[in-house]
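Lettering follows sequence order; numbering is per chain, from 1.
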Protein chains: 2
Amino acid sequence: MTGGYLKGRLRREDIITAAIAVYREAGYHGSSLREVAKRAGITHAGLIYYFPSKEALLAAVLERRDAEDADREQLNVAAPGLDMLRHLIGLAEYNVAHPGIVDLYVRLAAEAVSPGHPAHEYFVRHYRVAREEVLASFQALADTGELRPDVDPQVAALTFIALEDGLQAQWLTTPDEVDLVGSLRTYLQSLLTVPLS
Amino acid sequence: MTGGYLKGRLRREDIITAAIAVYREAGYHGSSLREVAKRAGITHAGLIYYFPSKEALLAAVLERRDAEDADREQLNVAAPGLDMLRHLIGLAEYNVAHPGIVDLYVRLAAEAVSPGHPAHEYFVRHYRVAREEVLASFQALADTGELRPDVDPQVAALTFIALEDGLQAQWLTTPDEVDLVGSLRTYLQSLLTVPLS
DNA sequence: CCTACCGATCGGTAGG
DNA sequence: CCTACCGATCGGTAGG
């Protein structure tokens, strides 16, 4: 009875996977529904049967990213503090092993700076959530004296997110000249009074 | 006698100015020669008379950016060291006052991460030059004991560039929640043994 | 610099 | 899900 629905769900997942691959190579604006459809093995009109517009497909791609991140978070119920920072380093290591994901993220984030972009609100939320998460960790570390007393948790949180983003772009452009994880680790360590690892 | 040539040069400048405005709003791939031409007050075929292809126009835009940066550098012959760092803060202040330039830079940099993009080589060079410039300053500071002894100049240079780039993207997306210049200043100060200002 | 045009491609719709 | 199609737009060319 649910066979039809199951098949539809699987087809949807195939399309989203194809879309991620295409966005990665051409960005959102630079990609076409026809190219995504071809990789998913259907026509572009067939794709529109599942996702009624180009924007709806983008929304589905971003939803999957969030779902995957949530999965990883759940496996890794790190409390705010040192463990959370180590977890963030782990996420960076995961990213370095999956350049395609980083590529997609960097390109979409840049396109979406303009308020009219269909993913703009997504990134506004994304930045806010990321900042709050990191801030909570720095505040916890401040409470236990593990954060250097001259470090402002608010500034440190903002800076950490920005540093991660900037390193990603520079690493994608010149991979051989950027040690993404090492640089992050060095930065974090410089804020702490205890060894990070 | 040079009247014709002068007029052509001026027209070229008009077109480049229009291109910057359009790239800023739509990115390079998202913009059209027709839109650029319309803002410059000519037809798109007229534009092609001056710039033989879309890529040639992009090259001219990047050349102008380099020329303007070089002008600012020349006015401000800062030697490597503290003065140079203050100069970089000044550049960040200039950028915050000119969001359009930052927008263009962030969008192009993200599009150009892929090796096939017409501006890819430009950004490879841009990152390398930027890193070397900042590295020279940190090394000079290390020699005079103004850099904290536990700071590696190489890592600090890479990190500074990445931080600036990441802050720009986050600031463009959520301007009210990011203090770009203040964050840069705080970061730099944390590396030094002497007051930055 | 323009008019006029080309082939290609785009997102989306109709109708089944 | 497909075939067939739409109007719009693209970069670039011809020819003046």
To the nearest Å, give me how far apart [atom1] ([X]) and [atom2] ([N]) are.
{"X": "A/F51", "N": "C/dG12", "atom1": "CZ", "atom2": "P", "result": "14 Å"}
{"X": "A/L57", "N": "C/dG12", "atom1": "CG", "atom2": "C1'", "result": "14 Å"}
{"X": "B/K38", "N": "D/dC10", "atom1": "NZ", "atom2": "P", "result": "9 Å"}
{"X": "B/E35", "N": "D/dC10", "atom1": "CD", "atom2": "P", "result": "8 Å"}

Fill in: Residue met sooner reading DNA chain C from 5', once A/P52 and B/L47 are mapped to nucleotides
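So the residue in question is B/L47.
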Fill in: Residue closer to the 5' end of DNA chain C, A/Y49 versus A/S31 (nearest nucleotide)
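This one resolves to A/S31.
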If you only use heavy atoms from C-beta on, which nucleotide in [options] is closest to the side chain of [X]?
{"X": "B/R34", "options": "D/dA4, D/dC5, D/dG12", "value": "D/dG12"}
{"X": "A/H44", "options": "D/dG12, C/dA14, C/dG11", "value": "C/dG11"}
{"X": "A/K54", "options": "D/dG12, C/dT3, C/dG12", "value": "C/dG12"}
{"X": "A/T43", "options": "D/dC2, C/dG12, D/dG11", "value": "D/dC2"}

Discussion item. Please name the nucleotide paired to D/dG15 by Watson-Crick or G-U wobble geometry with both distances under 3.5 Å, or report none.
Written reply: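 By the stated definition (distances under 3.5 Å), C/dC2 pairs with D/dG15.
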Worksheet item: Given D/dT9, is OP1 or OP2 found less than 4.0 Å from the side-chain N or O atoms of B/S32?
Response: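 Answer no for this pair, as no side-chain N or O of B/S32 is under 4.0 Å from OP1 or OP2.
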Worksheet item: Is B/I48 touching bases, backbone alone, or none of the nucleic acid, heavy atoms closer than 4.0 Å?
Response: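 Contact class for B/I48: base.
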Discussion item. Classify A/L33 by what it touches in the nucleic acid, base, sugar-phosphate, or nothing, heavy-atom distance under 4.0 Å.
Written reply: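 Result for A/L33 = sugar-phosphate.
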Worksheet item: Are A/Y28 and A/H117 close enough that their ring centres sit under 6.0 Å apart?
Response: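 Under 6.0 Å, so yes.
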Practice prompt. Assert yes or no for the condition that the ring centre distance of B/Y105 to B/Y23 is strictly below 6.0 Å.
Written response: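 Not under 6.0 Å, so no.
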Discussion item. I'd like to know whether A/E25 forms a salt bridge (charged side-chain N to carboxylate O under 4.0 Å, His left out) with A/R107, so could you lay out the CA-CA distance, the side-chain angles of the two residues, the decisive distance to 0.1 Å, and finally the verdict.
Written reply: CA-CA 9 Å; A/E25 290 169 26; A/R107 301 180 68 124; over 6 Å; no
Worksheet item: Do other residues, nucleotides or ligands put more than 12 heavy atoms under 6.0 Å from the CD atom of A/E177?
Response: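 More than 12 within 6.0 Å, yes.
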Discussion item. If you count heavy atoms of other groups shown closer than 6.0 angstrom to CD of B/E13, is the number above 12?
Written reply: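 Buried by this count: over 12 neighbours within 6.0 Å.
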